[in-house]
Amino acid sequence: MRFSRMLIPTVRETPSEATAESHKLMQRAGYVRQLAAGLYIYLPLGWRVISRINRILRQEMDAIGAQEVSMPVLQPAEQWQQSGRWYDIKEEMFRLKDRGGRDMCLGMTHEEMMTWLASREIRSYRQLPQIWYQIQTKLRDEPRPKSGILRTREFLMKDSYSFDASVEGLRESYKLHEDAYHRIFTRCGLKFHQVESDTGMMGGAVAHEFMAPSPSGEDDIVLCAACGYQANVEVAGSVPSAARYGEDAPLEDVHTPEKRTVEEVSRFLKEPPERFIKSILLLAGEGPVLALLRGDQQLHEKKLQRLIGPFRAAGKPEVKDVLGVEAGFIGPMDHEDIHIKIIADPVLKTGSYITGANKPHYHKRGVRAQVHFQAAWHDIHVAAAGDGCPRCGAPLAIEKAIEIANIFQLGTKYSAALNAVFLNESGAEEPIIMGSYGIGPARIAAAAIEQNHDRDGIIWPEAIAPFDVEIVPLGAGDSPEVESAAWDLYRELDKNGIEAIIDDRDLRAGVKLKDADLIGIPKQIIVGQRNLNEGLVELKGRRTKECLRIRPGEALDALRAGKEID
RNA sequence: CGGGGCGUAGCGCAGUCCGGCUAGCGCACCUGCUUUGGGAGCAGGGGGUCGGAGGUUCGAAUCCUCUCGCCCCGACCA
C-alpha cells in the first residue's frame, strides 16, 4: 500500500477533547474521527486494525465449532416484550416505530433474536449443541459516551450464543469460550485477567469478564497474587483488616458539636476512621433500612441491592422523619421500637466503636455489636486494596481495567420466555440451556494502545497492527537508487505475504520518521542513501528503536526472525 | 438526571471579566526560491455567519435571555 494514496490524516497537536491515551493517539495518528458524541468513523488504518482483530475472532470462534450468522440490527419489539427486557431496559434502548406504527428497536444485543431463531429451528436434543455468532453493530443510547472508542453509542461486537441440552453441556460450551477467549487476547498481544463478574441485565448464574488492565479503564478489579482469586469489585468479596481496638472501652457519650461525617468526627476526636461505625439510612421497597459499615469502608450498593432490592439514600428530612434524629448523629442503637431493618458488615462483629448517639451533637464511644445493637450480617462493603482475599486471606490488589469481553451462563431465562424448547431422549420437552459471550473489537484495539504506546505514538502488537511493516524511503525524490531499492523490497515482501505500507510521500525524513513512530507499525525498514552506499538498509523495531543494518535480500528472513529488535 | 468546563479558520489557542478602528497568533493549506536521516528557512497568499436565535446599545466575539453541541466528574451502564 502506498502511504500517499491512503487517507492517513496525522496531526501534530492532540485534539483538546481527548483524555484517554488511546483516544488521543488514534485521533493523532489518523485512525478515527469523531462524528458526534459516541459515534466514530474508522479511517482506513483504524478499520484495518478492526478487520485484523475480527479475523482472529473468526478463526478462534470457528475453531470451537461456532458458526457465523448475520442478524438484523432493526428488530421488532415482540421478542423483547416476550423476554421482558422491552420493559426492563429504559432509555438505553433506541426505539422507533415503522410506518405501520409497529414498535421496533435497534439491537443492543441479540439474545432475543438468537433465541427466537433457536425456537423456530431446534426440535431435538440431536441438534444440540449449537454455537452461533455474529460480528455486528450494536446500538445503545449510552447516558454518557466517553473515552473515545471505549464507550460509544454504536459499536461493533462479536457475540456468540450457545445452545445446549443440559447444564453439563452449557459448562462445556462455556469452557470452550473461556479457552478461545484466552487464545484470542493472547494473540492480540493484550495483558488481561479473567474475573468473576456481575450478571447484570443479562440474568443468569455464572459470569466472567475479561479485563485489560489500563488506567483508562472504567472498572476496578480485585486480584489476589497468592491464590489467583480475581473478581470485579462489583462482586468481589474481601476480608477487611481485623478490628484493632479493644472491646472493653466503657459506653459513654461524647460531645461532637456540628461534627457529622465520619471524616469530621474522626478529625475532631483524633481517632482513625476504622474506629467508627458508619450508619447509612436507605429507603427500599420494603421500608427503611439502616446499613452499618466500618468508617473506612464504602457501601457496596450492588451487594446491598441483592439483599433488599432497589433502594435510594434517604434525604436529610427523611432521616429525621424515620429515626427522629438529625442526619449525622444517627447510630445503630435503640431502634427496637420502630420497624427498621439493620444490615451490618461482618467486620463490625468484633471490636468497639464510636458511632452516632441518636441525639444531636453527640456520638457514643464503646459501642459493640451483639451487646448494644443487633443486626443481620452481610458483606456489604466495597473491597479495598490491602483487604484480605476471601479465599486465602492474602492481601488483595486493586487495578483499573477495560472490560474487553464478558461471558454468561444464561440458563433458560430467554429460552423459557421465548419458548425455545427441544425434545430430550425420553421425548419430554425442555427449554434449551443457553450461554452468551461478547467481545468488543474496538475495546481490544483501544486496550492494545493503552498498554502499548510511548511518547512518540502507538506500538501495535504484531497480530493486530494495520500493516506488518512500514518501508520508509528517505530522499527518494532525489535518489532513484533509494526509490528503486525501496520498491524492490516492497514487492519482495508483498510476494511473500507480508503486508507492507511504503511511505512514498515527497516529504522530509523527519516528518516520515515521526509519522512512522506515531502510526506504530511494529517494524520499519528505513531505506536511505547513506546505508545504501554500503548496500544496506535499516530494520528497526518500533518498541525498542533498535536498528539492524542488513542487506535488502536479508530483509525477509530478518523480519521473520526479528527478535533482536523487539 | 445532578455538578463543572468549553464552543472564535481544518487543528491548537489568545481576545470575553472592563463593549469601540479592518478579529489575531501558531500549526496545517496554496505559490515561488532555497533546503533534504528525526515534524526545514525565507517571501508572498487563501481561508471566519466568533455554535445558533432573540434582546440591550450609536456600536456586541465581548453584556442579558433562550437554545444547540462537545468534554469532564458523579449517577447509570451486557
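Hydrogens, waters and symmetry mates play no part in the numbers below; they use all other heavy atoms, side chains included. Since we're looking at a predicted model, the values are computed, not measured. Labels below follow one simple rule: chain letters A, B, ... track the order of the sequence lines, proteins then strands, and each chain is numbered from 1.
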Handout entry: Separation of the P atoms in B:G45 and B:G59, to the nearest angstrom
Key = 35 Å
Exercise for the section: Using a heavy-atom cut-off of under 4.0 Å over every strand shown, decide if A:Arg28 touches base, sugar-phosphate, or nothing. Expected result: base
Exercise for the section: Take atom P in B:A61 and the same atom in B:U8, then report the distance between them in whole Å. Expected result: 15 Å
Exercise for the section: Between B:U22 and B:A40, how far apart are the P atoms? Round to whole Å, please. Expected result: 38 Å
Exercise for the section: Assess A:Arg95 against A:Trp80: is NZ or CZ under 6.0 Å from the centre of the six-membered ring, and within 45 degrees of the ring's axis? Expected result: no
Exercise for the section: Check whether any side-chain N or O of A:Arg508 sits under 4.0 Å from OP1 or OP2 of B:G39, and answer yes or no. Expected result: no
Practice task
For the pair A:Lys175 and A:Glu172, find out whether any cationic side-chain nitrogen is under 4.0 Å from an anionic carboxylate oxygen.
Solution key: no
Exercise for the section: Tell me which nucleotide among B:G39, B:C70, B:G37 gets nearest to the side chain of A:Ala509. Expected result: B:G37
Handout entry: Distance below 4.0 Å between A:Ser16 side-chain N/O and B:C13 OP1 or OP2
Key = yes
Practice task
Could you pull out the closest heavy-atom pair between A:Phe3 and A:Ile8, with the gap in Å?
Solution key: CE2-CD1, 3.7 Å
Problem - Check: A:Glu538 side chain, B:G37 base, donor-acceptor under 3.5 Å - result: yes
Exercise for the section: Could you work out the separation of B:C50 and B:C42 based on their P atoms and round it to a whole Å? Expected result: 33 Å
Exercise for the section: Pick base, sugar-phosphate or nothing for A:Lys512, based on heavy-atom distances below 4.0 Å to the nucleic acid. Expected result: nothing
Practice task
May I ask you to say what A:Phe155 touches in the nucleic acid, namely base, sugar-phosphate or nothing, with a heavy-atom cut-off under 4.0 Å?
Solution key: base
Problem - Side chain of A:Arg12 - closest among B:G38, B:C71, B:C27 - result: B:C27
Fill in the blank from the handout: When both distances are under 3.5 Å in a Watson-Crick or G-U wobble arrangement, the nucleotide paired with B:C70 is B:G5
Practice task
Go ahead and name the base partner of B:G38; Watson-Crick or wobble counts if both distances stay under 3.5 Å, otherwise write none.
Solution key: none
Exercise for the section: Determine the interatomic distance between C1' on B:A9 and the same-named atom on B:G47; round to the nearest Å. Expected result: 6 Å
Practice task
Just call it for A:Asn531: base, sugar-phosphate, or nothing, with non-hydrogen atoms closer than 4.0 Å on any strand.
Solution key: base
Exercise for the section: For A:Gly528, answer base if it contacts any base atom (sugar-phosphate contacts may also be present), sugar-phosphate if it contacts only those atoms, and nothing otherwise; contact means non-hydrogen atoms under 4.0 Å. Expected result: base
Exercise for the section: Go ahead and name the base partner of B:U16; Watson-Crick or wobble counts if both distances stay under 3.5 Å, otherwise write none. Expected result: none
Problem - Sugar-phosphate only, base, or nothing, as touched by A:Pro15 at under 4.0 Å among non-hydrogen atoms - result: sugar-phosphate
Problem - Rounded distance in Å between the C1' positions of B:U49 and B:G5 - result: 25 Å
Completion exercise
Picking from B:G12, B:C76, B:G39, the nucleotide nearest the side-chain atoms of A:Pro143 would be B:C76
Problem - P-based separation of B:U56 from B:C72 [nearest Å] - result: 39 Å
Exercise for the section: Ignoring backbone atoms, test whether A:Gln27 places a side-chain nitrogen or oxygen under 4.0 Å from the OP1 or OP2 oxygen of B:C11. Expected result: no
Exercise for the section: Classify the nucleic acid contact of A:Ala36 as base, sugar-phosphate or nothing, counting any heavy atom under 4.0 Å across all strands shown. Expected result: sugar-phosphate
Completion exercise
With the side chain defined as heavy atoms from C-beta on, A:Val511 is closest, among B:A40, B:C76, B:C77, to B:A40
Problem - N-O pairing of A:Arg85 and A:Glu111 below 4.0 Å - result: yes
Handout entry: Short N-O contact, A:Lys400 and A:Asp220, less than 4.0 angstrom
Key = yes
Practice task
Name the nucleic acid region contacted by A:Ser479, choosing base, sugar-phosphate or nothing; use a 4.0 angstrom heavy-atom cut-off, strictly under.
Solution key: nothing
Practice task
Would you indicate what A:Gln34 reaches in the nucleic acid, counting non-hydrogen atoms under 4.0 angstrom: base, sugar-phosphate, or nothing?
Solution key: sugar-phosphate
Handout entry: Sugar-phosphate, base or nothing in reach of A:Lys540, heavy atoms under 4.0 Å
Key = base
Problem - Side-chain N,O (A:Arg144) to OP1/OP2 (B:C73) below 4.0 Å - result: yes
Handout entry: Touch class at under 4.0 angstrom, heavy-atom based, for A:Ser197 against every strand present
Key = nothing
Practice task
Once you apply the 3.5 Å cut-off to both distances, tell me the Watson-Crick or G-U wobble partner of B:C29, or none.
Solution key: B:G45
Practice task
Using the C1' atoms only, state how far B:G4 lies from B:G12, rounded to an integer number of Å.
Solution key: 23 Å
Problem - A:Arg542 bridged to A:Asp456 by N-O distance under 4.0 Å - result: no
Handout entry: Partner nucleotide of B:A23 by Watson-Crick or wobble geometry (both distances under 3.5 Å)
Key = none
Problem - Side-chain ion pair, A:Arg58 and A:Glu68, N-O less than 4.0 Å - result: yes
Practice task
Using atom CZ of A:Arg542 as one end and atom P of B:G38 as the other, report the distance to the nearest whole Å.
Solution key: 17 Å
Handout entry: Electrostatic pair A:Glu538-A:Arg549, nearest N-O below 4.0 angstrom
Key = no
